Amino acid sequence: MDIIKAPRGVRDILPDEAWKWAYVLETSRKVAGFFGYNEIHLPLFEHTELFSRGIGDSTDVVEKEMYTFLDRAGRSLTLRPELTASMVRCYLEHGMSKKVQPVKLWSAGPMFRYERPQKGRYRQFWQLDVEALGSEAPEVDLEIIAFAIYLFNALGLSNLEVVINSVGCPVCRPGYRDALKRYVGSNFDALCNTCQNRFERNPLRILDCKNERCREIMKDAPGIADYLCDECSEHFKRVKEGMTILGINYKEDKNLVRGLDYYTKTAFEVLSGELGAQNAVCGGGRYDNLAETIGGPHVPGVGFAAGIERIVLTMEGQGCDFGQQPGIDVFIVTADDLAKNKALKLLYDLRHEQISVDMDYTGKSIGSQLKTASNREAKLACILGGVEIEKGVVTVKDLRKGSQSEVANDSLIDYVKANLAG
RNA sequence: GUGAGCGUAGCUCAAUAGGUUAGAGCACUGGACUGUGGCUCCAGGGGUUGGGGGUUCAAGUCCCCUCGCUCACCCCA
């Protein structure tokens, strides 16, 4: 029988990589603390309707990328493809509008999308998600963008491009949509097939088509900036002012449109050259109508999601520092069977002192055990045998220097601590 | 979902133009060194050449199917 392998598009994060993830997540947790965001854990699956209504029925994510299934009671459930809808659902369900606004939350975990796997794109992938709910203030948009930038700086990333745009709101977007259609209509035949399809369904998406000719045509397309209502225009202006005050470099890209229906006003992405076609390391924006779409009252919100795989890939590509790879400090070597019980006791005594220590249980030769100690990159080896037991000592070998000395049992812990510190 | 390239040991890769028993480095285990690692030398274990079918006297190599990986489109994080 064949060995069962992992399904397509998913992968194991092995220890060699997992410690890097831990670094990214720990750094995120710290930044969240500085920015006053609280961690939250949300379910991996929700009612399908949450996503189909929240994200939008005609979006690619909902139309063809969701893992949807019926549970044993016949309910239609879906593995979450993103976190924003769940965040809003959670806010509504727990009456968070009664708390101080905005409610600032963050979470990290796996998302699921049935897509063709590619570099930096998997069917199960991790996102860091940061959301601020319950405030219209443009300063909150600014804070969300600044959070992302602050995090990426803390991780040592460079050469990132920040692009922002305003996608308007239900008041002004229809007018822009019409203007865009009037412009595109005169060039309709020159558009690629997909864009011709988009013309009726979602003309805004023609703006970020990658096709050469479409790009050429859209270069002179009307920008939404000229069609924003006063409120959206003021809001956008204020966000940009804030960016300048904080010294965040950005590019205004009038062609930036986001694929999910719920975005209003501010939309932004952070791009990395390290990722090939999947160049967005982070994306987000404001979604003032999402809460109503899923049946709640009006709750404005703004947030972003960043892909952990893509962050790690970019960091590796740029040679960023991930901190210290976890390893062992001390390895205990038993020279003979007489020492086994003493060694066991020592093993746990050191662990109780919060020293990372390990030993070999297989009874290999002393040479092999030291080899293992080297392999594990232990700093010290504690050698125990009949000789040591008789004298009431432990032979401590410094594997970095090659020197060793006999240390009395009762001063061993202090000796080990002193030598690890040094 | 569409297109292209690629699947050989745990990893990185060899293997004339179809031709014997599919090799090497790293890693692993052991020995030289019987209580001292890294360096060196030696030895050992480990493969249904992703899976299935076909062509052939003969297939890792050619053909088909399938699974997977990679890249691009699409979309996005």
Side-chain angles (χ1 to χ4, degrees), chain A residues 1-11 14 16 55 59-65 81-84 108-130 148 192-195 197-198 202 205 208-212 256-260 267-272 275-284 303-314 331 333-339 360 362 364-388 395-404:
Chain A
M1 199 162 68
D2 287 344
I3 294 167
I4 297 169
K5 290 190 269 188
R8 182 168 200 195
V10 305
R11 52 194 213 108
L14 302 177
D16 272 351
I55 298 172
T59 58
D60 275 15
V61 169
V62 171
E63 234 171 31
K64 47 189 194 195
E65 294 176 1
E82 56 117 53
L83 223 35
T84 306
M111 309 296 152
F112 307 86
R113 290 186 200 175
Y114 191 89
E115 291 185 275
R116 192 86 171 252
Q118 219 174 297
K119 181 175 188 177
R121 193 172 81 184
Y122 308 98
R123 292 185 170 181
Q124 175 178 328
F125 60 99
W126 275 55
Q127 275 188 349
L128 166 71
D129 192 78
V130 179
C192 70
N193 285 340
T194 31
C195 282
N197 285 329
R198 284 167 172 157
N202 198 349
R205 290 223 66 87
D208 63 354
C209 182
K210 272 130 193 152
N211 180 292
E212 278 293 330
L256 173 65
V257 204
R258 315 230 63 232
L260 313 179
F268 77 99
E269 281 180 3
V270 181
L271 274 23
S272 158
L275 297 169
Q278 267 59 52
N279 63 351
V281 68
C282 158
F304 75 83
I308 304 294
E309 286 86 350
R310 291 183 185 183
I311 290 175
V312 171
L313 276 171
T314 304
F331 198 86
V333 173
T334 51
D336 50 51
D337 286 348
L338 290 170
D360 171 78
T362 61
K364 294 195 290 195
S365 72
I366 185 166
S368 297
Q369 292 180 63
L370 278 164
K371 200 171 173 180
T372 304
S374 288
N375 255 321
R376 300 280 301 274
E377 289 177 27
K379 299 183 183 81
L380 302 177
C382 289
I383 303 168
L384 259 177
V387 179
E388 283 81 5
T395 300
V396 180
K397 175 160 190 164
D398 191 316
L399 294 167
R400 297 161 297 187
K401 299 177 194 155
S403 59
Q404 69 181 48

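All figures in this text were calculated on a predicted structure; none of them were measured in a lab.
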Checklist line | Atom pair CD (A/Glu309) and CD (A/Gln127), whose distance is rounded to the nearest 0.5 Å | finding: 9.0 Å
Note to self: If you assign A/Ala335 and A/Arg113 each to the RNA chain B nucleotide with the nearest heavy atom, which residue ends up on the more 5' nucleotide?
What the structure shows: A/Ala335
Next item on the list: Assign a letter to each nucleotide of nucleotides 36-45 of chain B from its 5' end: B, base within under 4.0 Å of a protein heavy atom; S, sugar-phosphate only; -, no contact.
Entry: BBB-------
Note to self: In whole Å, I'd like the distance from the CZ atom of A/Arg121 to the P atom of B/G68.
What the structure shows: 15 Å
Check: Whole Å only: how far is the CG atom of A/Asp360 from the P atom of B/G35?
Finding: 15 Å
Item checked: Distance between C1' atoms of B/U20 and B/G25 (Å, rounded) -> 25 Å
Margin query: Heavy-atom count check: over 12 atoms from other residues, nucleotides or ligands less than 6.0 Å from A/Glu377 CD?
Written below: no
Note to self: Quick check on RNA chain B: between A/Val387 and A/Ala280, whose nearest nucleotide comes earlier from the 5' end?
What the structure shows: A/Val387
Check: Taking A/Arg123 for the side chain and A/Pro117 for the main chain, is one N or O donor matched with an acceptor at less than 3.5 Å?
Finding: no
Margin query: By the 4.0 Å heavy-atom rule, please label A/Val333 as base, sugar-phosphate, or nothing.
Written below: nothing
Next item on the list: Considering only atom C1', compute the distance from B/C63 to B/U29 and round it to an integer number of Å.
Entry: 43 Å
Item checked: Gap in Å between the two P atoms, one belonging to B/A24 and one to B/A15, rounded -> 15 Å
Check: How is A/Phe331 classified with respect to the nucleic acid when contacts are heavy atoms under 4.0 Å: base, sugar-phosphate, or nothing?
Finding: nothing
Next item on the list: Using a 4.5 Å cut-off on heavy atoms from C-beta on, say whether the side chain of A/Ser374 contacts that of A/Phe331.
Entry: no
Check: Which part of the nucleic acid, if any, lies within contact of A/Gly9, taking any heavy atom under 4.0 Å across all strands shown: a base, the sugar-phosphate backbone alone, or nothing?
Finding: sugar-phosphate
Next item on the list: Quickly work out the A/Lys64 NZ to B/C73 P distance and round it to whole Å.
Entry: 14 Å
Note to self: Working to the nearest 0.5 angstrom, can you tell me the gap between A/Ile55 CD1 and A/Asp60 CG?
What the structure shows: 11.5 Å
Check: For the atom pair CZ (A/Arg11) and CD (A/Gln124), what is the distance rounded to the nearest 0.5 Å?
Finding: 10.5 Å
Checklist line | Gap between atoms CD and C1', on A/Glu65 and B/C74 respectively (whole Å) | finding: 9 Å
Check: Roughly how many Å is it from NZ in A/Lys5 to P in B/G68, rounded to a whole number?
Finding: 9 Å
Item checked: Nearest-angstrom distance from the residue atom CD of A/Glu115 to C1' of B/U2 -> 15 Å
Next item on the list: Rounded to whole angstrom, note down the C1' distance from B/G45 over to B/G5.
Entry: 35 Å
Notebook entry, point to check: Within this structure, what is the CZ-to-C1' distance between A/Arg123 and B/A77, rounded to whole angstrom?
Noted result: 16 Å
Next item on the list: Under 4.0 Å between any heavy atoms, over every strand shown, what does A/Arg8 touch: base, sugar-phosphate, or nothing? Just pick one.
Entry: sugar-phosphate
Next item on the list: Would you check if the side chain of A/Asp360 reaches a backbone N or O of A/Gln369 as a donor-acceptor pair within less than 3.5 Å?
Entry: no
Item checked: Distance in Å, A/Thr395 OG1 paired with A/Leu384 CG, rounded so as to fall on 0.5 Å steps -> 8.0 Å
Note to self: What's the gap between B/C13 and B/G19 when it is taken at their P atoms, as a whole Å value?
What the structure shows: 23 Å
Item checked: B/C26 to B/U21 separation - P atoms, rounded to the nearest Å -> 28 Å
Margin query: Please give the distance between the C1' atoms of B/G23 and B/U49 as a whole number of Å.
Written below: 12 Å
Next item on the list: Return one dot-bracket line describing RNA chain B 5' to 3' (Watson-Crick or G-U wobble pairs, both distances under 3.5 Å; ( ) same strand, [ ] crossing, | another strand, . none).
Entry: (((((((..((((.....[...)))).(((((.......))))).....(((((..]....))))))))))))....
Next item on the list: Find the distance A/Ile4:CD1 to B/C67:P and express it as a whole number of Å.
Entry: 17 Å
Check: OP1, OP2 of B/U29 versus side-chain N and O of A/Lys364: anything below 4.0 Å?
Finding: yes
Margin query: For a quick check of understanding: with a heavy-atom distance under 4.0 Å over all strands, which category does A/Asn279 fall into, base, sugar-phosphate or nothing?
Written below: base
Checklist line | Presence of donor-acceptor pair under 3.5 Å, side chain of A/Arg116 and base of B/C69 | finding: no
Next item on the list: Enter the distance from A/Arg116:CZ to A/Arg121:CZ here, rounded to the nearest 0.5 Å.
Entry: 9.5 Å
Check: A/Asn279 and A/Ser272: side-chain contact (heavy atoms from CB on, under 4.5 Å), yes or no, with the steps?
Finding: CA-CA 5 Å; A/Asn279 63 351; A/Ser272 158; 5.9 Å; no
Note to self: How close do A/Ala335 and A/Ile366 get, counting heavy atoms only, and between which atoms?
What the structure shows: CB-CD1, 4.1 Å
Notebook entry, point to check: For A/Ala373, which contact category applies under a 4.0 Å heavy-atom criterion: base, sugar-phosphate, or nothing?
Noted result: nothing
Check: Taking the same atom, P, in B/C62 and in B/G7, what whole-Å distance lies between them?
Finding: 10 Å
